[in-house]
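Order of listing sets the numbers, starting from 1, for every ligand and every atom in it. The figures here come from the full heavy-atom set of this structure, side chains too, leaving out hydrogens, waters and symmetry mates.
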Amino acid sequence: MKNLRFLAVFTIVFLLYNLHETTADISTDAQALLEFASSVPHVRKLNWNSTIPICTSWVGITCNDEGTKVIAIHLPGHGLFGPIPPNTIGKLDSLRILSLRSNFLNGSLPSDIISIPSLQFLYLQNNKFSGNVPLTVSPQISNLDLSFNSFTGNIPQTLQNLTHLTSLNLQFNLFTGPVPELNLTRLRLLNVSHNLLNGSIPSPLQSFPESSFSGNEFLCGPPLKECPNTPASMALRPKKHNKKLSTGAIIAIVIGSFLLLLLLAILLFCFMKKKDRDSVSELTVKAVPPGKNEKSDDFGSGVQAAEKNKLVFFEGSSYNFDLEDLLRASAEVLGKGSYGTAYKAILDEGTTVVVKRVREVGVAKKEFDQHMEFVGRIGRHHNIVPLCAYYFSKDEKLLVYEYMVTGSLSALLHGNRGIGRTPLDWDTRVKISLGAAKGISHIHSEGGAKFAHGNIKSSNILLTTDFDGCVSDLGLAPLMNFLPTKPRCIGYCAPEVIETRKFTQKSDVYSFGVLLLELLTGKSPLPSGHEEVVDLPRWVRSVVREEWTAEVFDEELMRYPHVEEEMVQMLQIGLACVTRVPDNRPSMEDVVKMIVDLRSSDSSEHRGSSEDNRSKGSNVQTP
Ligand SMILES: *[C@@H]1O[C@H](CO)[C@@H](O)[C@H](O)[C@H]1NC(C)=O
Ligand SMILES: *[C@@H]1O[C@H](CO)[C@@H](O)[C@H](O)[C@H]1NC(C)=O
Ligand SMILES: *[C@@H]1O[C@H](CO)[C@@H](O)[C@H](O)[C@H]1NC(C)=O
Ligand SMILES: *[C@@H]1O[C@H](CO)[C@@H](O)[C@H](O)[C@H]1NC(C)=O
Ligand SMILES: *[C@@H]1O[C@H](CO)[C@@H](O)[C@H](O)[C@H]1NC(C)=O
Ligand SMILES: *[C@@H]1O[C@H](CO)[C@@H](O)[C@H](O)[C@H]1NC(C)=O
């Protein structure tokens, strides 16, 4: 099943790569591999033998669809040692992925491997290679990882011409000389740290973080320390042979600097003033003083005096407060959602809850009560944000939820990008997506075939303190009376919802698929201020179709080694969910299974067992 889906997505890519090779014979590749196996000793056994079929049975080998060419070799941690002889792997002229990371391979890297014209992913990190890196590198290379080896000599200048390069890891080697001037638009990850490089960091690379370059004692310039004798300091030195002009120049510079300083001071002053004002206005929003008389702007303004004790608690709720307490609580706006405003309310006894003030409810009280009873019942699940209580009157509808301290997935993914941000690692992202999938799957199975969530998006996935994903806003979509002129699920809306304005379980699956793509790419499907709107599914499909590179993935994920295979699998799941035809989308239950599978294949590799079982399913890039 998984393989089929994989094939569907990548067939086009493979066809493009292999169209001209359908006449080639797999036996030449097999011969080259057997020569490799016989000359490179290995601790873990390889079952490579010409008596069994190479494409379906050989450990670590992946062929193209036609079974005519080997396109990937994955032998991470196989206990391979000694040098790789030339004329073995280098003969595989359709190879796209070579992963021999975490072995004990030594000697120099044969030039025929790195120059295989089809090679895109080369993972040789954590070996004992030495000598120079060959100068001719595959023009297709996208990920090159030679880190944690003992390579010497210069970093080849020829890397300058590799326009497909996305990720270059050379840290912890013995490279000397300058950092090549890599002006490559696709380069997202660069690490040359802990080598013996010298000279100044070329300007196109100065936007990479300090840790990309650290541990090179004689490397200088931004983002590291200033180089001694930079051109700027030389310019200030007056030249002797033209005294008149140089005096003029000095005066100009002095005046110029003074004006610049003045300008800076003015700007700084304005900025500080603005900041002052901002923080004041923020305070007034946040710190609504407790007290019954200042509630006009707050939730509860529509609560009628006679009804003050009509807060309905759900069975099993351990809370013990009444509406009065709730209205007295100090409140802080958390955000304005599709259906109303959410407040964080801190109750007197230190309990914190979220109060959602819902607008545009299209049903009468009796129906509302019934619906809430239903929602309260199906919402009892570890991965659904608990609804504790609600209040209904003509002018005011309040829903009281448990407060989730860790916040929403959206805030974690997109908030505070840049300096001081703690990146969201891959394991956490998988955990969150699995939790959310389980929550939605529960809603679908308990709510009946007609019941859907209707508003799955990253800001509605809240997180427990141990980063489990929980679905919030359950049951709100069916209550709303508006026929949205603009669909409220913008960015996450399945195409059929935009037409029919009806949510279904399959449209939830679509929205969840968009959420997975958001997790993988780090891109928000929502329009954000100045940036243009990206149709995330369309964008991902176009990148995957054009040429398969690691380019779709979030930069932040590129720093975690060995997760690429899982990321590719997750991408398959996401793309399956955003299929245009609703019936072709998997069910939420299937999605849960697929995410669980992705994890279990991962842990079996990490335990170092059953590489043999795994390898057949792993026709994807792995570092
Ligand atoms: C290949 O398999 C045959 C039969 O199973 C066996 O006799 C032979 O020794 C194997 N060759 C290698 C290189 O393992
Ligand atoms: C490579 O490793 C083998 C076995 O560990 C050792 O005998 C050999 O000397 C090494 N060769 C180089 C070039 O380091
Ligand atoms: C890059 O490619 C151009 C033309 O293809 C060639 O002239 C140039 O020498 C190459 N530069 C390097 C550093 O290999
Ligand atoms: C880098 O390349 C772009 C175009 O590809 C060019 O405009 C820019 O000047 C180059 N920068 C440097 C520092 O060479
Ligand atoms: C870098 O080191 C090499 C050899 O040690 C030396 O020849 C070269 O001048 C150095 N370059 C810079 C910019 O310091
Ligand atoms: C570069 O590699 C070092 C060592 O693995 C690591 O500590 C550092 O965070 C990396 N920097 C970047 C930008 O990836």
Checklist entry - What's the verdict on salt bridge (charged side-chain N to carboxylate O under 4.0 Å, His left out) for Asp29 and Lys91, showing C-alpha distance, side-chain angles and the deciding distance? => result CA-CA 7 Å; Asp29 285 1; Lys91 277 184 167 170; over 6 Å; no
Item to check | Residue and atom name of the nearest protein heavy atom (relative to atom 11 (N) of ligand 4), distance in Å to one decimal | outcome: Asn183 ND2, 2.8 Å
Next on the checklist: Side chains of Arg541 and Val578, heavy atoms from C-beta outward: is any pair under 4.5 Å?
Outcome noted: yes
Checklist entry - So Trp48 and Phe36, would you call those rings parallel, tilted or perpendicular, with 30° and 60° as cut-offs? => result tilted
Checklist entry - atom 13 (C) of ligand 5: which protein heavy atom is closest, and how many Å away? => result Gly199 CA, 3.7 Å
Checklist entry - So which heavy atom in the protein is nearest atom 4 (C) of ligand 5, and how far is it from that ligand atom? => result Asn198 ND2, 4.5 Å
Item to check | Flag: protein heavy atom within less than 4.0 Å of atom 9 (O) of ligand 5 | outcome: no
Checklist outcome for this item: Quick note on ligand 4: atoms under 4.0 Å from a heavy atom of Pro204 include exactly 13 (C)
Checklist entry - Which of the atoms in ligand 4, numbered in the order shown and given with their element, are less than 4.0 Å from a heavy-atom of Ser203? => result 13 (C)
Checklist entry - Starting from atom 6 (C) of ligand 2, which protein heavy atom do you reach first, and at what distance in Å? => result Asn106 ND2, 4.1 Å
Next on the checklist: Under 4.0 Å from atom 2 (O) of ligand 2, can you find at least one protein heavy atom?
Outcome noted: yes
Checklist entry - Less than 4.0 Å between a side-chain N and a carboxylate O, is that true for Arg429 and Asp554? => result yes
Checklist entry - Should Pro537 and Asp535 count as side-chain neighbours, where that means a heavy-atom distance under 4.5 Å? => result yes
Checklist entry - Taking C-beta and beyond as the side chain, do Phe148 and Ser102 meet within less than 4.5 Å on heavy atoms? => result no
